[in-house]
Amino acid sequence: MESLKDLNEMQKRAVEQINGPVLVLAGAGSGKTRVITYRIAHLKKNYGILPENVVAVTFTNKAAKEMKERVLSLTGSGQIHWISTFHSICAKVLRKHCQMLGFENNFVIYDSSDQLNMIKSIIEDLGVDERVLTPDNAQSYISSAKNQLKKPSDINEVFNDYFSEQLIRVYSVYQKRLRKNNAMDFDDLLMHAAELLKSNPDILNYYSEKWQYIMVDEYQDTNHAQYQLIRLLSSKHKNLCVVGDDDQSIYRWRGADITNILNFEKDFPDCLVVRLEQNYRSTKNILRAANSVIEKNLSRKGKSLWTENIEGEKIHHATLNSEVEEGLYICRKIKELCFNEKRRLNDFAIFYRTNAQSRVIEDMLRRENMPYDIFGGVRFYDRKEIKDLLAYMRVVLNPDDDLSFERIVNIPNRGIGEATLSKIKKIAERDSISLYKASEVFLKEGKLSLKTETSLSEFLKLICGFINLQQRISVSELTEKILEETRYAEEVIGKNKEEREGRIENLREFISAVEEFEKSPEETSLKAFLEQISLITAVDKYDENLERVTLMTLHNAKGLEFQVVFMCGMEEGLFPHFLSSNESLEVEEERRLCYVGMTRAKERLFLTNTYRRKIYGAERMNLSSRFLREISDEFIEVDRGWPEEQNSFDMKMEENSHRVWRPDATRGSDRSPDLSFSDKSDSFLRAGSKVLHPFFGKGTVLETKGTGENQKITVSFINVGVKKLSLKHANLEKI
DNA sequence: CGGATTTAACTTTTT
DNA sequence: GTTAAATCCG
């Protein structure tokens, strides 16, 4: 940074007021990251505040990383700043002080599926009737209780019946088991950190002395636990700057408390309130359209964004017949824009409300040979083989982790089945020790068959060997050792060829992730590795430099921006989602989500809906989304024809060896016949289409492969059975 | 006891 | 359409 000249008046005010509480109400695209990064640089450069005395909390690791880089380029110094997510900051604090709370510092972090597994087994063990409390329910109640810093004993305040009795039982056993396993879940990281600071004035004093300047990004999405943490930490110096936008609050369902931002002025009297209303991202059309939607919300502070950017194209709206056509429309539109406007694939993003919608779009992109990257959905670290491997690593780090122990004790198959396991569990209960230790006791007591004895002692030897090795070798070496000695690839992964290859590919990717991690200048221990990967999220790995179309849910889109945005599935029941269409508070949150999506677009915005859509097998006919109708007509234009067919695109290999798809400018474009959407007898056959063949008669399409001239089609004919045909020669007629 | 296959259930968003 | 549970079979 050379000066504050790059900032507008309002931004400058927010940066310069370094003392006391500051609330920055920052609209979408108004430069809030800029404010935070310049503020950090300003503190350092003009006031000599040391980096270690500043902490900035972000919502995702990606935002944190980006912020670190920007601060680094502003200040030119390589010192490490405390810029990271709530969860990782809490994890770091807890690693240091968790003994005060009765944990060992090698505690492991459970993700939500671990959480659910554990709750399931507790509900089973306690004999709780699933009609009263399902594991899903218990999980969400426990999570929200923790986010409100409520212990099991605090729950009676809310419920006072049989249900809450059961919930309290499950919750308290759950906490006991976590403690016994020396494990914490996501919510515990916040709750225990708050607990630690509240009950240990000297520790609180240490951190509030250390972090004299605190900044919080996306303040509208903080929950009560996070709010308390911030209050505690800032109580001494009160140099707290929060940045947020009530219109972009989309995590109420996860415990985010919008009153945190709405009441900030009351909580922190004498605060400076700065409003950033100039948008630097989008065209006038996009911004006004987004404003016309968000204005329908009643509970908002109210602000109106403006921009000096150009008018831009109108928003385009297209209604398609089916989700397949929707995907195809998007693909063709992307091709057309690549060709006519010389855009690159990484200019495009496709947003959807639910992960399930991504499949069809992916299929279409693959069919059209367009590279894409997808975020979210099944998380990489949620895959079976990865979780198995991680469970091994966790047990090596912390043998008391019963959940992971149970997962791997019989993977690969060692003949330690349910019968043996339940005996081990009994001993564990009797002596109140972990399963690992109970296994050792079991062996010593020697009341088991020779076969189980050898396999169990083999298993313990294996783990013990890893534990000893761990001191001497790197995490990647340990990973490979585990795979090798368990003969995981040979024993566990099925023989189905495609599946097998995919899984082995995943394991390779995992190893390269480990190697990547080891390159970092910070701590590279097993402990640090496991912590890092349990807190990493889908968006974190987004790389805007790859030439690929980006697919993600609207939630994941927050904080990002793209030249061209497609929002698909703009239908009642899907968006707003039918589970959020009853209460007006919920609809308002969906509307904010729509606003977030729209304001990601810089230049072009496309909205699509369909007449019919297959959702989990069943075909449904949805009305168009109310959000579509809320956009004033003056900003929107209805697309009635298919995009021009582009025949002149080629896959090319670039020097960086990334597969790059872009228009081949040496050839002209062929105009395809102008198909209107209502004319959907369409040239276009897909699985399920009914066809008529001149010789074979009536049939149903099973599958199509390839594109254009080379398209192959598999059809099941009523009279002659399944045939594979070349579309070009088959003379099929759609019926 | 373990593996493979079939059946049934359940469908939001995620740190 | 996917995944987990249930059932069957060796």
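In what follows, chains are A, B, ... by sequence order, proteins preceding strands, each numbered from 1.
One interatomic measurement links the two molecules: NZ of Lys614(A) to P of dC10(B), which rounds to 21 Å at whole-angstrom precision. We find that OH of Tyr219(A) is positioned 21 Å from P of dT15(B), with the value rounded to whole Å. When the P atom of dT15(B) is taken as reference, atom CE of Met191(A) falls 20 Å away, rounded to whole Å. Here the P atom of nucleotide dT14(B) and the NZ atom of Lys558(A) are 12 Å apart, to the nearest Å. Rounded to a whole Å, the CZ atom of Arg353(A) is 9 Å from the P atom of dT14(B). Asp185(A) has its CG atom 15 Å from the P atom of dT15(B), to the nearest Å. For Tyr110(A) and dT14(B), the OH to C1' distance is 20 Å, given to the nearest whole Å. Nucleotide dT12(B) holds its P atom 17 Å from the CD1 atom of Ile250(A), rounded to whole Å.
Contact check, Asn147(A) against dT15(B): no side-chain N or O comes under 4.0 Å of OP1 or OP2. Asn410(A) has a side-chain polar atom (N or O) that falls below the 4.0 Å cut-off from OP1 or OP2 of dG2(B). OP1 and OP2 of dT11(B) both lie 4.0 Å or more from every side-chain N or O belonging to Thr354(A).
Which of dG1(C), dT13(B), dT15(B) sits closest to the side chain of Arg359(A) comes down to dG1(C). For Glu590(A), taking side-chain heavy atoms from C-beta onward, the closest of the listed nucleotides dT12(B), dT2(C), dT14(B) is dT12(B). With distances taken from any side-chain atom of His555(A) to the nucleotides dA5(C), dT13(B), dT12(B), the minimum falls on dT13(B). Checked against dG2(B), dT13(B), dA5(C), the side chain of Lys120(A) finds its nearest nucleotide in dA5(C). In this structure, the nucleotide among dG1(C), dT14(B), dT13(B) sitting nearest to the side chain of Asn556(A) is dT14(B). Ranking dT14(B), dG2(B), dT12(B) by closeness to the Leu579(A) side chain, first place goes to dT12(B).
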Could you write out each protein N or O paired with an N or O of nucleotides 7-10 of chain C at a distance under 3.5 Å?
none

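Heavy atoms of other residues, nucleotides or ligands lying less than 6.0 angstrom from NZ of Lys92(A) number more than 12. Annotation for Phe517(A): atom CZ counts as buried by contact number, over 12 foreign heavy atoms lying within 6.0 Å.
Inspection of the Asp136(A) and Thr134(A) side chains reveals no N or O donor paired with an N or O acceptor under 3.5 Å. Gln228(A) and Gln226(A) are not linked by any side-chain donor-acceptor pair at a separation below 3.5 angstrom, with hydrogens and angles left out of the test. Of the N and O atoms on the side chains of Asn181(A) and Tyr110(A), at least one donor lies less than 3.5 Å from an acceptor on the other residue.
Using a 4.0 Å cut-off between charged side-chain N and carboxylate O, Asp245(A) and Lys32(A) make no salt bridge.
The aromatic ring of Phe86(A) does not sit over the base of dT15(B); the criterion of centres under 5.5 Å apart with planes under 30° is not met. The aromatic ring of His87(A) does not stack onto the base of dT15(B), failing the criterion of a centre distance under 5.5 Å from the six-membered base ring together with planes under 30° apart.
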- Verdict with reasoning, Leu390(A) to Ile533(A), per side-chain contact (heavy atoms from CB on, under 4.5 Å): CA-CA 10 Å; Leu390(A) 280 173; Ile533(A) 66 153; 3.0 Å; yes

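Note on Phe578(A): nothing from the nucleic acid sits closer than 4.0 angstrom, heavy atoms only.
As rounded to the nearest Å, dT14(B) and dT3(C) have P atoms that lie 16 Å from one another.
Between Ile214(A) atom CD1 and Tyr207(A) atom OH the span is 13.0 Å, to the nearest 0.5 Å.
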